[in-house]
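Keep in mind the model is a prediction, meaning the values are calculated, not measured. Each chain gets a letter, A, B and so on, in the order the sequences are listed, and its residues count up from 1.
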Number of protein chains: 2
Amino acid sequence: MKKELSYFPKRDAGRRNYAERVRQVFQDYLALKDLRLTKQREKILDVFLSAERHLSQDDVYRLLKKDGLGRVTVYRTLKLLEESRLAEGVTSSSGETRFEIQLERPHHDHLICVQCGYIKEIRWPEIEKIQKQVCRKLGFSILYHRHELFGRCKDCSPKPPAAGS
Amino acid sequence: MKKELSYFPKRDAGRRNYAERVRQVFQDYLALKDLRLTKQREKILDVFLSAERHLSQDDVYRLLKKDGLGRVTVYRTLKLLEESRLAEGVTSSSGETRFEIQLERPHHDHLICVQCGYIKEIRWPEIEKIQKQVCRKLGFSILYHRHELFGRCKDCSPKPPAAGS
DNA sequence: ATCAATGCAAACGTTTTGCACTCCC
DNA sequence: GGGAGTGCAAAACGTTTGCATTGAT
């Protein structure tokens with residue numbers, strides 16, 4: 001039995017609901033700031049919700065330019081998503097920032113394959129715990145952190161799991 | 001007895017030697033690549049060795065433009081320093097990359113104060129250990145990682161250590 | 001109808017490149 | 001002396017801004 005770690009709650013069943021909750025949060029944030037949920041902003045959000053993660057600005061732009069969406073709007077909307085804390089940036093293997101929707105997702109860090117670009121999410125509560133402890137001891141209050149590991153994923157590793165191992 | 005963790009070897013005594021070793025490493029790297037250790041490259045290295053850490057490209061440029069050094073050279077040399085693995089970039093609180101010389105310095109991560117910009121280096125072998133373990137289990141081979149914590153340092157913390165704790 | 005949002009183009013800041021001159025090896 | 005290195009200017013790149021038009025509430 002492949003016990004693939006299932007870090008995140010299954011959302012397949014409640015996917016549509018999830019999308020709606022995300023949209024709601026965004027709308028609330030916008031309302032709070034006296035801003036509007038426009039078609040373009042919805043579309044950008046939708047792209048994230050169907051891709052579900054790790055899109056660069058350019059990815060979003062290319063997916064939506066056929067709808068007449070401009071780069072500027074993508075930039076501005078991504079900024080809004082970041083501000084609202086709905087989206088968060090991850091450094092990709094090529095150095096560019098990629099975004100993912102964070103709502104209701106437990107905090108996780110990233111393993112980034114420098115070869116294929118695959119981004120694996122990982123949770124390690126132990127590490128978070130040590131982090132907090134050490135920082136508290138030092139009087140450093142953490143606001144947020146970035147913990148990214150660059151390397152090769154299983155498939156891209158130079159030495160595939162040898163027989164007999 | 002204050003057992004302040006002494007993360008880095010005392011270099012006060014051997015500082016000059018250290019500088020020379022750094023220069024040697026750089027020269028070796030350059031030789032390997034059929035490149036030359038020029039006055040400008042030496043000067044840039046010297047800036048790092050006297051500042052010892054966390055300089056942005058602009059910092060370096062401003063410190064050296066009086067010597068007639070151009071921005072372009074700074075960019076190119078910083079790239080060389082990175083390639084040679086002598087220097088490594090850290091994300092500063094304002095988001096720009098700052099560089100530090102890494103030779104003979106044990107690996108460390110960074111606590112970055114978003115208020116005063118102070119960068120504190122930190123070693124937590126336990127975390128590194130867990131990291132390695134987890135990644136090995138996943139078949140992910142780490143090449144390098146970035147672990148940066150953003151927050152407020154002791155001095156900039158909103159609530160100074162209150163009386164009676 | 002109002003006022004924010006959009007999209008264009010132009011501005012902007014940063015990094016890279018082309019090229020003649022310099023200088024290290 | 002030759003080829004790499006430098007510095008300038010210009011190009012390239014990614015992001016932001018100004019402004020007239022569009023559109024959501």
Exercise for the section: Determine whether A:V114 and A:R152 make a side-chain contact, defined as any pair of heavy atoms from C-beta on separated by less than 4.5 Å. Expected result: yes

Practice task
Answer whether the closest heavy-atom distance between the side chains of B:R105 and B:E100 falls below 4.5 Å.
Solution key: yes

Fill in the blank from the handout: In whole angstroms, the gap separating P of C:dC23 from CD of B:E42 amounts to 15 Å

Practice task
May I ask you to say whether B:R23 pairs ionically with B:D46, meaning some side-chain N is under 4.0 Å from a carboxylate O?
Solution key: yes

Completion exercise
From CG of B:D34 across to P of D:dG2 the rounded distance in Å is 18 Å

Please list, one pair per line, the donor and acceptor atoms closer than 3.5 Å that link side chains of residues 38-45 of chain A to other protein atoms, with sequence neighbours excluded.
residue	atom	partner	partner atom	Å
A:T38	OG1	A:R41	N	3.3
A:R41	NH1	A:R36	O	2.6
A:K43	NZ	A:D67	OD2	3.2

Exercise for the section: Find the distance B:L35:CG to D:dA4:P and express it as a whole number of Å. Expected result: 9 Å

Problem - Nucleotide-resolved protein contact map, nucleotides 13-19 of chain D, B/S/- at heavy-atom distance under 4.0 Å - result: -SBBB--

Practice task
Would you mind reading off the distance between A:K66 atom NZ and C:dG7 atom P, rounded to a whole angstrom?
Solution key: 13 Å

Handout entry: Ring-ring centroid check A:H110 A:H54, cutoff 6.0 Å
Key = yes

Exercise for the section: Take atom OH of B:Y61 and atom P of D:dC8, then tell me their distance rounded to the nearest Å. Expected result: 7 Å

Problem - Aromatic contact, A:H147 with A:W124 (centres under 6.0 Å) - result: yes

Practice task
Count the heavy atoms belonging to other residues, nucleotides or ligands that lie under 6.0 Å from CD of A:Q133, then report whether that count exceeds 12.
Solution key: yes

Handout entry: Carboxylate-amine/guanidinium proximity below 4.0 Å for B:E83 and B:R85
Key = no

Problem - Whether over 12 other heavy atoms sit under 6.0 Å from A:K66 NZ - result: yes

Exercise for the section: Give me the residues of residues 83-93 of chain A where at least one heavy atom lies under 4.0 Å from an atom of DNA chain D, by number, or none. Expected result: none

Handout entry: Rounded distance (Å) that lies between atom C1' of C:dC8 and atom NZ of A:K65
Key = 16 Å

Exercise for the section: Grab the two heavy atoms, one from A:G117 and one from A:S93, that are nearest each other, plus how far apart they are. Expected result: CA-OG, 3.6 Å

Handout entry: Contacts of type ring pair (Phe, Tyr, Trp, His ring centres under 6.0 Å), residue B:Y118, not counting sequence neighbours
Key = none

Practice task
Give the minimum heavy-atom separation between B:S92 and B:I112, together with the two atoms involved.
Solution key: C-CG2, 4.1 Å

Exercise for the section: Starting at atom CG of A:L64, determine the distance to atom P of C:dT6, rounded to an integer number of angstrom. Expected result: 12 Å

Handout entry: Stepwise side-chain contact (heavy atoms from CB on, under 4.5 Å) test for A:F48 and A:L55
Key = CA-CA 7 Å; A:F48 274 105; A:L55 295 169; 3.8 Å; yes

Practice task
Measure the distance from CG on B:L69 to C1' on D:dG5 and round it to the nearest whole Å.
Solution key: 11 Å

Practice task
Enter the inter-axis angle for the ends of the helix from C:dA1-D:dT25 to C:dC25-D:dG1 (five pairs per end, rounded to 10°).
Solution key: 40°

All N/O pairs under 3.5 Å across the protein-nucleotides 21-25 of chain D interface:
residue	atom	partner	partner atom	Å
D:dG23	N2	A:R36	NH1	3.2
D:dA24	OP1	A:K39	NZ	3.3

